[in-house]
Every structure is written in C-alpha cells, then in structure tokens.
Amino acid sequence: MSDSENRPGWAVYATHSGEAAEGGVLGRAGPKIDGRARILGAALYTDDLHLPRMVVGKFVRSTQPHARIVSIDVSGALAMPGVVGYAIGSELPQKYGVIPVAQDETAMAIGKVRYIGEAIACIAAVDEETAHRAVRAVKVEYEPLPAVLTIEDALDPSKPHIHEGSRKPSNILRRIFQEYGDIDKGFAAAEVVIEDTYEYPGSTHVPLETHVALANLEPDGKLTLWSSTQNPHYVHRDVAHVLGMREQDIRLIKPTVGAGYGGKCDPFCTDIVAAHLARKLRRPVKITLEREEVFYTHRGRHPTRMWLKMGFAKDGSITAIDFKAWAEGGAYASYGVVTSYYLGVFMPLPYTLENYRFESHRLYTNKPPCGPKRGHGAIQPRLALEMHIDRAAQALGLDPAEMRRANCIAPDTETCNGLKVTSVGMRECIDAVVTASGYHTRRGALGPGRGLGLAASAYMCGALHPVYQNELSQSCVQLKVDRSGEVTLYSGTADCGQGSVHMLAALCAERLGIEPSDVRVIEGDTSLTPVDLGSYSSRVTFMAGNACVSASDKVREKLAAAVAAKLGVEPAALTFNGRRVFVTTAPDRALSFVDAVWLAEEMFGPIGEVGGYKPHKIGSRFRRQSVGPSPAYSFTAQVAEVSCDLETGIVVVDKIWVAHDCGRAINRTIVEGQIEGCVYMGVGEALFEEQRYRGGLHAVPSLLEYKIPTVHETPEIETFIVETHDPNGPFGAKEAGEGPQLSTVPAIANALHDATGIWFTRPPFTPEVVLAEISRAARAAAQRPPESS
Amino acid sequence: MSDSTNEAAGERVVALTVNGDSVRRLCPSSRTLLDFLRVDLGLNGSKHGCDVGDCGACTVLVDGIPRLSCITLAVEVEGLAVRTIEGAGPDEARIVAAFDEHVASQCGYCTPGIVLCLSHLYSEDPAADDEAIRQALGSNICRCTGYTKILAAARAASQREASQPAQGGSDE
C-alpha cells in the first residue's frame, strides 16, 4: 500500500478473500487517466465544438399545460435578418422512446401540447442572440384543454386523456400487480403491523452541463451527430428511426459529458431536431439548452404517493409486506414503465421476506416528463420501508440496527420475487456505520433537537434483460495493441464523470500488467466503438467491465503464448506486472511488455481482440419478472446525524457515515467519490429539492429558486468500502454510482425522529414542514391526558 | 478610453489582457465576457452552466479577483487582466495536482471555476483553513462530488496542510 492509500477515515471491510491483484492496478487510490483534461478545462464538451457555417437552433416552447395548437406562425421570425430556417413538429411525426412498449413522444409537439415548456418549433439563426429574438417573434395560437395536474386528476375517468387513443379508463400509463407467498398468512403471524402513507416529492438532476446536440450533414448524405448523452446507442437508434435513415448512415459521437445522473438517458428533441435541421438547411446546427429549459426537459424523480403495510414478528423479522404506489409521471412515458416495476421489485431486498404484494401505477399528468434519476424508482419506497422498520423496532422494543442485522438475506439467496442474489455485504455495512457513528451509545442521548438515524438498502448492477429482447452482448469492448506498447480500448460506454473510462483502462491494465495510462480509451462513438447499451441502471462497471476483462484476456493469452515459447515455460507460469511479462517463480526471466507484443505479433499477426458480455441465464420462477432482476446487487448502510432547530424548523445534516458493498473497488478514490455524490444528492432530496408547480407552471425553474446543497449545506461524509468480491463481477466488482443514494433520505428521516419524536413522512424536510409537524405534535400532546403523576 | 468603432451597430473594440497576452477584438457591446472568451478567443475552459450567475462554472479571474463571466460584459473588463483556466500555471500547480490525486473532478464542468477561486484564495491566504476554503467555494455548484473530495484536494493544496505534521491524522 502506498502512503496515499493509508489516510485517516479509510477502512476496507473485506468479507471474502478474492484473487490477488496480479497486475498491481486493482484497488489503487488516486488519479484517473482523464482527470487532468477535465481539471484544466481541456476536455471538449459538446457545446465547446464549433463547425464552419454552423448555425444555432432555439426552441419555441408551450405556454399551456394542455391545449390544441390552432396555428403556428413563424413568418415574423423568418423575416428577421440572421434567421436561416425553422422546423415544426409535423415535420417529424415518427414517435419514439427507449422503451419499445411506450413510444409516445414526438420530437416536438404535433397538434397539441401536453406540458408548459414542451418544444413546439425550432428556429435556426446565425447566433444565440438572433435565435432568441426570433423565437419571441413566433406566434402560436392555442385552444386550451382541461389540464390533468395531480394524481387524483390522473385517476379520474372524467378527465380527458393526455394521449388520445389510450384504452385505459384514465391517464394510467402502466399498472403493475405482483404477489408472492401468502400475504394474509403473513399478517396473521405478525406481532406488530405498521401501516402509513408517504409522499415523496419530484426532484430533478441538475447536471451542470445542459443538454447539447450538434449535427452535420456530410457530403455523402451521411449524418454526424454529437450529443451530450448517457446512452449513445439508444440515441443512435431513435434518431435514425425518427429521421427515417439507416442507422449505419448516422455517426453518433458522445464528447465529454458534464454529468447526467439519469437526466441524459432519453433521446431528446435537441438530438433529433438538430439532426433534422442539419439535413433540411444543409448547414451544421447546434442546439444548446438554457438552464430553464433543462427544468422542462426534466425526466427526474417521480413524485410518488405510497401506502405501506408491514407485519413484524416478535423477533423483528418481517412477516409480510403489502405496498401500493402511485407515481405521477408527467406528459410522456420516458422510462416510466420501468419505474413502475422498480417501485416494487427491490422491496424484498435486503431483508428476508416470504410474503409480498405490490401494486404500482405510473400516471400521466400535464407536466414535464419524469424518468430515471439516480436510484430510479427505488428511492421512494426505500424511505417508507426503512422508516417502517424503525417504527416496528420502537413498537417491539428492539434495537433498529440489530433488527436489520438479524434479518439480512444471506449470500446466494433467491428472494420471494425471484431475484437471485450472489454476494451480500449488508451486515458488514451496518457494522461499519453503527460502530463509526457510535449509534448504540449516542442514539437517543444527544438531547432535544439532535438525533441519529440508520437505514440500509440494496440496488441492482445492470438489468438482466435488455430493453430490446435479443441474444446479443449488452456490452462490447475492442482492443488494439500497438507495437509501441500502447493499447487502444474502444467501448460504446458514456463516461459522464463517474469514472468509467478509468475503470476500463484499469481493468485492461490489470490483466496486461501495464499502467492505466498506457491504455487510450476511445468511447461513445458509434462508428468507432462497439455497442454498449449505456450509462444507466448502474450497469457499466459490471457489464462493460466484464467485456473489457474478456477482451483483455484474449490479448493476454496471445502474449503469454508467445512469451512462453520464447522462455521455454508454460503460459500459466507467467506473471504480467510492471510493464513486464516474467516467470512467476523466476522474475529475472522477463520480457518487456513491448517485446511481448512484438513476439505475439510475429506469432499471430496483428494483435486486436473483442470481448462481449451478456448476463448468464438466470432462470426465474416467475415468467413475468422481466424487469428488476440483475446479475448482482450492491448493498449500503448509512447513519445520519442531524440537528433540528425546534424554534425555526431548520434541519442541518451534521454528518453521514456510509458503508457500501461495491463488490470490489477497482479504484478506491473513484468509488468513494461515487458514494459521496450519492449521499450529497440524497441530502438535497431530504432537505431542499422539489420540482414544484403552480398549476402546470414550473414554480422554480432556475438554480436560484430550485434549492440544491452548496458546500455549506453538504455534511461531512465518512465513507467505508465493503468488498465482497462478487463471483460474476469483473474481478468481483459491482456498482457504486446509484445504490448509496437509496438509504440517505430514510437515514435522515429516522434521525429526525430521534431528534424530535416525529415521523416525517414527506420530504423535503423544509422549515415549514418541520415546524408544522412540531406544532401539530405539540397540540396533540396537549390534548392527551398526562401519562403519569 | 479605448477607441470605439461602429458604435451605431452596437460594436466596440475591446482591448484587454487574457492569460498574459494582449488581445484586441471588435465585438458587440452586448457580448458577455464568457462568450467573448469562448466564441471570440476559443477559450472553452470557462463553461455555461446557467447564464445568470447562479452556478459559478464561468468563473474567471479579473485582475486576480474571481468574477462570473456570464454576467460580465466584455466591454466592462476593458484594459484589465483576465485569467482563465487555460492560463493555469505555477500558481495553480499544487491545486491541479491535488484535484488530480483526490479525483476532485468528476464530470469536470465546475472544476475550472473552482480551481480559479482557490487560486485567488491561496494568493491572499496561502495557508487558508477549512472555513476559508468553504467561504471561497460558496458560490460554485458541484453536483457530482458532494464537495468531499474537493475539500480534501483544497486542504492538500493549502500551505496549512504542508506546514502541519504529516501524521497524527487530522481532526476530521
């Protein structure tokens, strides 16, 4: 271990002994290979790209939540100097969407608008200022329709359908009902039954880079599109689909991306309209969204109403869970069908459960569309479940930490709903944060207005079944080995800042005994890189990582064969480390990596290999369980310490201790950063963030009004990495980019109960909400007769 | 006063120093400093995050003081010295190295602005403490890191860290 790895606050709780890191790369701390380019402002993001003759596009957006479009008059705009063209919705009638069963979106509104801020037309002009003025000159005439703005509205059959032609009685996109075991028997066996409703607010991602697309028609009729996307493959497919072009005639390039957190998973109007206008005008077209437009583009957390009933036995084990959820999804489906599953399918993790029933609804309303945000669909129910556990512990007189610990599922378990779980570090996570925070001695002892709270959670590492059902690899990696010793790695992944470029370079370097900086990673370019499904569902480390190890192993095999022949040993007798290939038992008998490449090329010809990954078949008992199963699951526990000013209602999160089972940390600093980023986003959702509306109008569409934590509101975060070495992960790795957010909000809610004696069931815990609850509790206490004396 | 040309068309010649180089350009009076840097000079390190001064991604140094270039007009900095991340040099070397080592930059969109704010902080207080660091970064939004790695890197770049014994741990 180097000195930098031995800093205070660092701890590894290894639970399984895995294979050693032969190449010396795995588990390192410190820099990522693409770090300096970003720090020094040299990395090129989509908005940094300029082409000769380039014009910019700007959208005309709806001012009505639900209305027929009577007319669109662009003549005033087109008459302005510097305006070069326009597009309106009817030019792009093809519906699209990543989820094949719910393609309900067009690039711009056609015939009617469904939310305030929806794109109606796009004006192209020589610069931003001209485009801005031109957009204001476009006249749109509306005929308003009754708007559907709440969960009640969406369930009301008398309200108009937001999407005509729906056969559902009201504005329901999808209802899911699943039942496992015997619910009634489970509740009959319960000592304590806890039942309550929870309201989880909508929130949005706020990547600092807004959505940007730049399109250029090549002289041969082919199109190049640069997009700030998390999912190059899906954007590639949908742009071709809507434009009626062959996929092979479109090259989709993902430049450096300024974060997404799920907000850049969909193909957007920016992508499709930039491509369309580039064809129509025969000039390069760039569309850069303004910050306000990103709030309308949204695809964030679904505001969700939940009803949860749980039965607990005397020993704290869970006898049954009955759960219902209504998720308000805005005007289009986006990934909403998946959301409806994710609301329910992860509830049987991480505690033993036999009897489970859930019913979820994903609804349409006349608001910006919701979609996947970090911890997609699993964040909301986790608040309800983890608060119920603390409430049951109180009712049963049990310690909440011990109760969770005692009921953790074991490794190699199948849950009641057919999730096959491999490695589990849940108990180690709980132990790490309980010990570090002094939970057992400090909880309930911090005095009025201060408290500690614990929560645990589990999350997926990629979806077992691809969105488009097929037998193809979900991730592919191609390696080219140069005689100079440089290895070029081609991958369709999209690093949005989470560090997947470094992850791939590190895995390749580990297998080949070279340094990550010896690997040049080319990613997210559909003409250069093999397909990867994208940066969503926490799939990249697990799936692209496995593809990378597969390709690296094939290169290694050739190098080992060539070196073994030269040195007169078996290939298995060789070690790859330190840019050398040597005999393990006699390290002086060595060749440099470059020499090994030369020998291999002499023996086999040019060295290049491909690797693919698709999850091994996991037969489920349940045919319908197609959304939710993952090849592995990550686990997290965290303790929050909060202070609540009982006079003002202001809540401060003082510290978070978080432990996460990421399987294996390929780079520990990057893993810590992912965990800390999750906690940060959870703190924002707990205390401040809410996508609020006045009627159908976004109430807070700017960074000044939509409150997110700054450095001043972000608590100290102490991070522990638990390594369980998953049998199917690349070198045992799982995920770290989403799972840790699940338990942040419930840990804070449980801490608030310790601080105030009140169960807060509706984040964000703003001063208004907290004060109202405190005074309500005080009134209720005053009406009760004194308990004693 | 600088020579103004084509005022009727709303254009002005702007003369200033950028990263040590003298620059003279004819540009619209309404051009923001951010667009002047990005569009006219091709210095893309300063970023559009909000265009209304809320996020800090566009921060540059004007005569050594952090300034939000998205709500500053190019004509306002006539005759002054502007430094962008592209001008990072020996003064920023410790900060850049610490940000690299601590992976304090994830997506990187906020990082140039933060590095420049810290550069200003250490030019005034080379041994800045945690509170001073937090104050310096209060108007820079980072949505990726939870600030933890940024603070760790900033601490490592402060002379205060260097002047204290390496072991014995911090009071974190």
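In the text below, chain A, chain B and the rest are named by the order of the sequence lines, each starting its count at 1.
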Under 4.5 Å from a heavy atom of chain B, the part of Ala259(A) involved: both

Less than 4.5 Å to any heavy atom of chain A: does that hold for the side chain of Ile114(B), its backbone, both, or neither? neither

Could you check His502(A) against Val103(B) for side-chain contact (heavy atoms from CB on, under 4.5 Å), going step by step and ending with a plain yes or no? CA-CA 11 Å; His502(A) 186 86; Val103(B) 193; over 6 Å; no

Under a 4.5 Å cutoff for heavy-atom pairs, which residue among Ile717(A), Asp34(A), Leu40(A) has the most contacts with chain B? Leu40(A)

Between Glu290(A) and chain B, which part of the residue has a heavy atom less than 4.5 Å away: side chain, backbone, both or neither? neither

Tell me whether Glu672(A) is salt-bridged to Lys149(B), with the criterion being a basic N under 4.0 Å from an acidic carboxylate O. yes

Chain A interface, residue from Cys144(B), Cys50(B), Ala104(B) that has the most non-hydrogen pairs under 4.5 Å: Cys144(B)

Going through the checks in order, is the side-chain contact (heavy atoms from CB on, under 4.5 Å) test met by Glu676(A) and Thr145(B)? CA-CA 6 Å; Glu676(A) 290 155 3; Thr145(B) 63; over 6 Å; no

Closest non-hydrogen atom pair between Thr714(A) and Tyr147(B), with its separation: OG1-CD1, 3.3 Å

Quick test of your reading of the model: are Glu689(A) and Arg143(B) salt-bridged, counting only N-O distances below 4.0 Å? yes

Sidechain-backbone polar pair: Arg36(A) side chain, Asp100(B) backbone, donor-acceptor under 3.5 Å: no

Per-residue contact mode, Val115(B) against chain A (heavy atom under 4.5 angstrom): side chain

Minimum-distance pair of heavy atoms, taken over all atoms of His50(A) and Asn44(B): NE2-OD1, 4.2 Å

Among Thr210(A), Ile708(A), Leu44(A), Val683(A), which residue forms the greatest number of heavy-atom pairs with chain B at distances under 4.5 Å? Ile708(A)

Scored by heavy-atom pairs under 4.5 Å with chain A, the best of Gly108(B), Cys110(B), Ser139(B), Cys142(B) is Gly108(B)

What part of Val679(A) lies closer than 4.5 angstrom to a heavy atom of chain B: side chain, backbone, both or neither? neither

Would you check if Gln106(B) and Gln674(A) make a side-chain contact, meaning some heavy-atom pair closer than 4.5 Å? yes

Relative to chain A, which segment of Glu92(B) carries a heavy atom at a distance below 4.5 Å: side chain, backbone, both, or neither? neither

Counting only non-hydrogen atoms closer than 4.5 Å, does Ala97(B) touch chain A with its backbone (N, CA, C, O), its side chain (CB onward), both, or neither? both

When heavy-atom pairs shorter than 4.5 Å are enumerated against chain A, which of Thr148(B), Thr111(B), Leu137(B) gives the highest number? Thr148(B)

Any donor-acceptor pair under 3.5 Å from Lys32(A) side chain to Ser105(B) backbone: yes

Do Cys107(B) and Glu209(A) touch side chain to side chain, with heavy atoms closer than 4.5 Å? no

Proximal component of Ser30(B), with respect to chain A [non-hydrogen, under 4.5 Å]: side chain

Side chains of His48(B) and Asp47(A): closer than 4.5 Å at any heavy-atom pair? yes

What distance do Glu129(A) atom CD and Thr32(B) atom OG1 have between them, rounded to the nearest 0.5 Å? 10.0 Å

In terms of heavy-atom contacts, Pro31(A) and Glu101(B) come closest through CD-OE1, 3.7 Å

Select all residues of residues 51-67 of chain B having any heavy atom within less than 4.5 Å of some heavy atom of chain A, and report them by number, or 'none'. Asp54(B), Cys55(B), Ala57(B)

